[in-house]
Amino acid sequence: MARETSRQVQFVIKISKFCNLRCTYCYEFAELGQRERMSREQLRSMYVHMRDFYVRKDQEDGVRTHLHIVWHGGEPLMIEPDYYWRSLEDQREIFGDSLEVSNFVQTNLTVLDDERIRLLRDGFDHVGVSVDLFSGLRVNIAGRDQQKNVVANMERLRSEGVSFGCITVLTRKNLGRVKDTFSFYEKAGIGFRVLPLFDGAYENQHEAYDITVPEIVSALNEMVDLWLESDTPVQVSPLDSHFQIVLRHLNPEAPRVYFNQREWISVLVVNTPGDVYAYGDPYEDPAASLGNIFTTPLEELLSGPRFDASATAAETRMAANCLNCKYFGACSGAPIASNRDNVHTVVEGIAVCDVERSVLEHIEDRLRSSDVLDHDGRVRAAAGPLVDPVS
Ligand code: SF4
């Protein structure tokens with residue numbers, strides 16, 4: 001495998017659970033009234049632990065780490081912008097030039113004023129807006145749908161020169177509107193991520209709008225077809241990375257990639273009290289926490305028995321799925337190792353890679369039946385937007 005010169009790690013920071021909405025599917029539902037937030041000093045200790053760990057690791061490995069800090073909640077913009085400006089100042093002081101750092105924020109975009117627009121434009125590097133378009137499930141405390149307000153605020157962001165992407169949660173309520181969803185983003189020229197509904201905060205929370213694995217696969221496959229047919233395709237995640245996997249699979253000279261959590265863990269979640277979880281581990285189960293990043297060096301969190309148990313669980317999922325998968329190597333195994341988005345079928349306690357594998361098959365079938373591939377099954381040189389950036 002070619003030696004990397006840069007790599008990414010993402011920390012999803014649950015800055016506070018407090019939120020002005022009560023989206024019916026929210027997995028934080030029980031905690032949305034809690035106003036506790038991380039303090040400036042706690043964030044400073046977290047930055048110091050991140051810096052100490054990654055700078056040393058970069059020196060050992062001869063690789064540069066790009067640190068992604070994702071401000072998440074609750075609703076992060078319920079907190080006054082000054083709080084973030086001070087923390088961004090702390091980042092500059094603590095990280096200096098030692099690491100490349102980008103700040104992302106995931107917002108419901110219902111609260112927007114001049115100060116928040118300035119923060120989104122000049123403080124953060126990337127803005128993600130949560131909007132479902134056709135579900136009616138994103139409601140305020142009084143149960144009123146906030147869609148109109150959000151779309152108006154998206155317009156305002158555009159007119160103020162703030163670029164953003166969107167996340168749309170796929171539920172039974174918008175399952176029949178895949179085409180309309182795609183068209184909305186295509187016309188607006190906005191990239192988006194499709195996030196299938198996953199476990200809620202309590203039993204039966206999703207009863208009225210839950211979706212099955214075959215329904216998720218069918219919606220994602222429909223999205224693939226729409227993307228392939230589009231004259232002005234926008235970025236659709238995770239399909240963009242699925243296309244890359246299939247293109248690597250079709251190119252025997254493309255480098256092979258293998259996920260190994262013990263070598264590099266690329267997504268970690270930090271809960272409001274500072275407890276850290278590997279992405280895909282049962283979030284907020286104290287037994288799954290790797291420890292507290294406010295008080296403990298990252299070196300210790302990413303070693304020891306809890307980390308070992310998390311890595312072993314990831315390896316077990318990969319062994320059960322990837323070793324007999326034709327995409328293994330083109331796909332690193334990360335989707336099932338990190339139990340991505342928690343929407344897989346579980347058989348005898350082990351998640352089955354039934355979503356990704358089916359969508360990869362569909363993409364491969366579509367490419368094979370189009371004129372994008374030559375007679376050897378390899379991508380033609382002039383195949384438009386389907387260029388594998390890895391090969
Ligand atoms: S089983 Fe899933 S995660 Fe593993 S290589 Fe295949 S598609 Fe990737």
Side-chain angles (χ1 to χ4, degrees), residues 1-2 4 7-10 170 193-199 211-225 227-228 236-269 277-283 310-368 373 377 379 386 388-391:
M1 186 177 138
E4 294 169 295
R7 57 191 171 193
Q8 276 178 15
V9 62
Q10 186 179 96
L170 193 62
R193 178 176 169 208
V194 191
L195 186 63
L197 182 70
F198 59 87
D199 291 348
I211 43 175
T212 63
V213 163
E215 285 169 336
I216 294 168
V217 169
S218 153
L220 291 175
N221 287 349
E222 189 180 345
M223 210 65 96
V224 166
D225 296 346
W227 192 87
L228 283 168
V236 185
S237 177
L239 301 181
D240 48 356
S241 64
H242 289 4
F243 271 100
Q244 288 178 23
I245 289 169
V246 174
L247 292 172
R248 271 202 296 277
H249 170 67
L250 294 169
N251 178 2
E253 283 141 41
R256 303 290 109 173
V257 284
Y258 298 97
F259 180 85
N260 181 348
Q261 180 172 315
R262 292 175 201 275
E263 266 178 23
W264 189 253
I265 181 159
S266 51
V267 187
L268 288 153
V269 181
Y277 298 81
Y279 189 67
D281 277 352
Y283 169 58
S310 167
T312 302
E315 285 157 5
T316 305
R317 288 191 288 272
M318 279 176 76
N321 287 279
C322 306
L323 295 180
N324 64 2
C325 174
K326 67 177 176 175
Y327 296 108
F328 193 36
C331 171
S332 69
I336 199 67
S338 59
N339 201 9
R340 189 178 288 164
D341 300 336
N342 299 299
V343 289
H344 305 99
T345 307
V346 176
V347 176
E348 291 174 8
I350 297 186
V352 178
C353 186
D354 39 11
V355 175
E356 282 78 10
R357 226 195 275 210
S358 306
V359 176
L360 293 175
E361 289 276 5
H362 180 75
I363 292 172
E364 185 178 350
D365 287 350
R366 285 300 314 264
L367 292 182
R368 285 191 183 283
L373 303 181
V379 180
L386 295 177
D388 182 1
V390 178
S391 58

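Whatever order the structure lists ligands and atoms in, that order sets their numbers, starting from 1. Along the sequence shown, residues carry numbers from 1. Computed from a prediction, not measured in an experiment: that's the story for all the values here.
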Determine whether the side chains of Q10 and S266 contain a donor N or O and an acceptor N or O closer than 3.5 Å.
-> no
Does W264 reach the main-chain N or O of Q8 with its side chain, forming a donor-acceptor pair under 3.5 Å?
-> yes
With D365 via side chain to side chain contact (heavy atoms under 4.5 Å, CB included) - residues at least two apart | none
Please report how many protein N/O/S atoms lie under 2.8 Å from atom 2 (Fe) of ligand 1.
-> 1
Provide the full list of salt bridge (Lys or Arg N to Asp or Glu O under 4.0 Å) pairs with a residue in residues 260-269, sequence neighbours left out, each pair given once.
-> R262-D308, R262-E315
F328 meets the ring pair (Phe, Tyr, Trp, His ring centres under 6.0 Å) criterion, sequence neighbours left out, with Y258
Going by distance alone, is a donor N or O of one side chain under 3.5 Å from an acceptor N or O of the other, for Q244 and S241?
-> no
